[in-house]
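I have placed the structure first, in the form of structure tokens, so that the comments after it can refer back to it.
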Amino acid sequence: MADAPVDTVASVPVAVVGAGPAGLMLAHRLGRAGVGTIVLDTRTRREIETTQRAGILEADVARDLVETGVSDRILRDGHEHEGTELRFGGRAHRIHFKALVGESVWLYPQTDVFIDLADARERDGGTVHFGVRDTEVLDITTDAPRVRYTAADGSRHEIRARYVVGADGSRSMCRDLVPEERRTRYGREYPFAWFGILAEAPMSAPELIYAHSEHGFALISQRTEAVQRMYFQCGPGESVDAWSDDRIWETLQARVAGEDGFRLKEGPVVEKTVLRFRSFVQEPMRWGSMVLAGDAAHTVPPTGARGLNLAMHDVKVLADVLLRALGREGGAALDAYQPRALQRVWRAQNFSYWMTRLLHTAPGASAFDLRRQLGELDNVVGTRAGRTYLSEQYTGWPASAQD
Ligand code: DHB
């Protein structure tokens with residue numbers, strides 16, 4: 001396969017495997033600096049656009065979308081949230097990010113970030129091939145790596161590049177190319193999953209609600225005035241077919257119920273998915289001429305909305321080091337990538353793990369466990385240090401001087 005004839009051969013400084021937000025934002029940043037890319041994805045554009053993902057962007061990430069010229073749609077269609085609500089013990093506690101740390105977040109679904117990026121690539125004449133198959137990344141231990149693939153129409157192609165970026169998500173095949181004996185995988189599984197729904201209903205609250213209850217966790221988020229996104233903790237093996245609309249609403253209502261009489265506004269459930277999650281990091285993030293970015297190198301549980309933000313930070317650093325590596329500095333410039341990216345990755349791993357443990361009910365939790373958890377939640381909302389800690393982590397960390 002590696003040397004079988006192909007229909008076309010293209011040369012480009014950087015080939016990118018994966019056209020999610022990480023791959024497309026990297027291509028956008030490189031394109032602005034005059035560096036060409038070809039981006040490939042096995043999924044069609046429509047598949048990516050219609051797969052529900054997270055919804056919260058750090059203010060820095062939102063700013064970068066506008067300031068790098070991707071799109072300013074977020075300023076019109078997104079919603080700035082200056083805080084969030086933690087609910088536990090049947091009561092609401094607002095954490096006011098803006099007052100505590102001077103930052104806010106933006107509710108703007110990842111699917112919209114993807115649409116903006118894909119449109120920007122099209123507008124700027126960037127090359128993105130969706131719906132490809134048989135992708136093979138070759139010769140990454142040389143200075144002339146190649147990527148071969150079959151296009152949607154069945155034709156065969158080869159890309160010759162100086163660098164290949166693996167931005168191919170949490171089921172990355174690129175990360176498997178780092179030899180087994182030279183890579184380390186760190187990870188943790190969780191004994192629960194999230195049941196995610198889209199419902200045609202009015203908004204139940206102006207901001208997000210992260211709810212802890214003895215029955216388990218729930219997250220109340222939003223999409224538009226008329227469509228809401230919500231999640232609740234379920235077993236990892238749960239099947240969506242076992243859940244009628246009535247059962248879903250009963251479960252969600254029980255998890256947010258409280259002495260204030262709060263109730264969610266209900267409506268038809270139009271989509272339901274079980275989302276399994278885990279914590280994962282692979283090191284190294286670079287092997288020869290191949291570099292990993294975003295979920296391909298690390299995944300976090302969704303509690304705390306770090307995943308997309310982390311991927312966007314990776315590619316900001318990666319665009320910078322790739323430009324230097326392709327210029328006078330040469331390949332040594334890439335050595336700075338992993339340490340700069342990993343500092344934030346492990347901070348986010350800790351925060352996502354911490355927030356998951358803070359809010360979920362572990363199967364078999366004892367009365368002691370539940371009360372201890374309420375004590376921890378009370379420490380978070382009831383002390384300025386606790387509220388500030390949560391705000392600082394949730395809104396993203398200030399970029400260090402080198403970023
Ligand atoms: C959403 C998802 C998250 O994991 C989160 O922490 C906040 C919001 C969402 O889909 O809106």
Side-chain angles (χ1 to χ4, degrees), residues 13-18 20-33 35 37 57-65 67-68 70 103 140 162-170 172 174-175 177-178 182-187 279-300 304-353 392-403:
V14 181
V16 182
V17 183
L24 292 183
M25 186 64 177
L26 179 72
H28 176 75
R29 285 185 176 277
L30 294 175
R32 270 169 51 91
V35 169
T37 53
L57 299 186
E58 292 168 11
D60 275 352
V61 172
R63 252 189 309 268
D64 280 352
L65 288 175
E67 284 173 9
T68 65
V70 174
E103 279 293 2
I140 55 171
R162 175 61 194 88
Y163 294 106
V164 174
V165 174
D168 52 343
S170 58
S172 171
C174 288
R175 71 171 170 236
L177 299 176
V178 180
R182 304 301 291 275
R183 70 188 184 214
T184 308
R185 291 180 167 178
Y186 305 92
S279 300
F280 174 82
V281 180
Q282 172 167 308
E283 294 178 27
M285 291 173 76
R286 172 190 170 198
W287 190 251
S289 299
M290 184 192 70
V291 195
L292 301 171
D295 275 5
H298 44 76
T299 54
V300 289
R306 297 294 78 211
L308 173 59
N309 293 295
L310 211 48
M312 288 296 170
H313 182 261
D314 278 2
V315 299
K316 187 171 191 170
V317 175
L318 185 53
D320 173 47
V321 296
L322 277 173
L323 290 174
R324 286 169 33 207
L326 290 163
R328 232 174 294 153
E329 278 183 61
L334 279 185
D335 294 344
Y337 173 58
Q338 174 164 315
R340 282 173 65 184
L342 270 188
Q343 184 184 22
R344 187 170 282 242
V345 166
W346 281 108
R347 281 182 163 194
Q349 287 292 352
N350 176 63
F351 177 62
S352 307
Y353 166 83
E392 209 156 43
Q393 309 278 313
Y394 193 89
T395 57
W397 300 267
S400 60
Q402 59 186 351
D403 296 343

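For reference, positions follow the sequence shown, starting with 1.
- The backbone N or O of Ala341 lies less than 3.5 Å from no partner atom in the side chain of Asp314, so there is not a single donor-acceptor pair.
- Of the inter-residue distances, the one linking His313 atom NE2 with Arg340 atom CZ reads 7.5 Å to the nearest 0.5 angstrom.
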Please test Leu30 against Val16 for side-chain contact (heavy atoms from CB on, under 4.5 Å), starting from the C-alpha separation and ending with a verdict.
-> CA-CA 11 Å; Leu30 294 175; Val16 182; 5.7 Å; no
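- Side-chain N or O atoms of Arg175 include none that pairs as donor or acceptor with a backbone N or O of Ala297 at under 3.5 Å.
- Atom CZ in Arg29 sits 10.5 Å away from atom CG in Leu318 (nearest 0.5 Å).
- With contacts defined as side-chain heavy-atom distances shorter than 4.5 Å, the pair Val281/Leu342 qualifies.
- In this structure, Glu283 contributes its side chain and Thr184 its backbone to no donor-acceptor pair below 3.5 Å.
- The shortest non-hydrogen separation linking Arg162 to Ser289 is NH1-OG, 3.1 Å.
- Checked against salt bridge (charged side-chain N to carboxylate O under 4.0 Å, His left out), Arg347 has no partners two or more places apart in sequence or in another chain.
- By the 4.5 Å heavy-atom criterion applied to side chains, Val300 and Phe351 are not counted as neighbours.
- No side-chain donor-acceptor contact under 3.5 Å links Thr299 and Asp295.
- Checked for salt-bridge contact, Asp320 and Arg324 meet the test: a charged N lies under 4.0 Å from a carboxylate O.
- Scanning all heavy atoms of the two residues, the minimum distance from Asp168 to Ser172 falls at OD1-OG, 2.7 Å.
- Considering CH2 of Trp287 and CD1 of Ile140, their distance stands at 8.5 Å, rounded to 0.5 Å.
- By the salt bridge (charged side-chain N to carboxylate O under 4.0 Å, His left out) test, Glu392 is found to be paired with no residue, residues two or more places apart in sequence or in another chain being considered.
- With rounding to the nearest 0.5 Å, the separation of CD in Gln282 from CG in Leu292 is 6.0 Å.
- The CD atom of Gln349 sits 14.0 Å away from atom CZ of Arg344, with the distance rounded to the nearest 0.5 Å.
- Contact check for Val321 versus Val291: no side-chain heavy atoms found under the 4.5 Å cut-off.
- Contacts of Glu103 classified as side chain to side chain donor-acceptor pair (under 3.5 Å), with partners at least two apart in sequence or in another chain: none.
- Minimum heavy-atom separation, Val35 to Pro13: CG1-CB, 3.8 Å.
- Considering only residues two or more places apart in sequence or on other chains, Tyr394 meets the side chain to side chain donor-acceptor pair (under 3.5 Å) condition with Tyr210.
- Annotation: ring-ring contact (aromatic ring centres under 6.0 Å, His included) contacts involving residues 316-347, sequence neighbours excluded, comprise Tyr186-Trp346.
- Judged as a side chain to side chain donor-acceptor pair (under 3.5 Å), and not counting sequence neighbours, the contacts of Arg306 are Glu58.
- Minimum interatomic distance between Ala167 and Ala22 (heavy atoms only, all atoms of both residues): CB-CB, 4.3 Å.
- Separating the CE atom in Met25 from the CE atom in Met312 is a distance of 6.0 Å, to the nearest 0.5 Å.
- Contact of the Val14 side chain with the Leu326 side chain is registered, since non-hydrogen atoms from C-beta on lie closer than 4.5 Å.
- Scanning all heavy atoms of the two residues, the minimum distance from Ala333 to Glu329 falls at CB-OE1, 3.6 Å.
- Asn309 places no side-chain N or O within donor-acceptor distance of the main-chain N or O of Val61, the cut-off being under 3.5 Å.
- Between Leu26 and Val315 the shortest heavy-atom distance is CD1-O, 3.8 Å.
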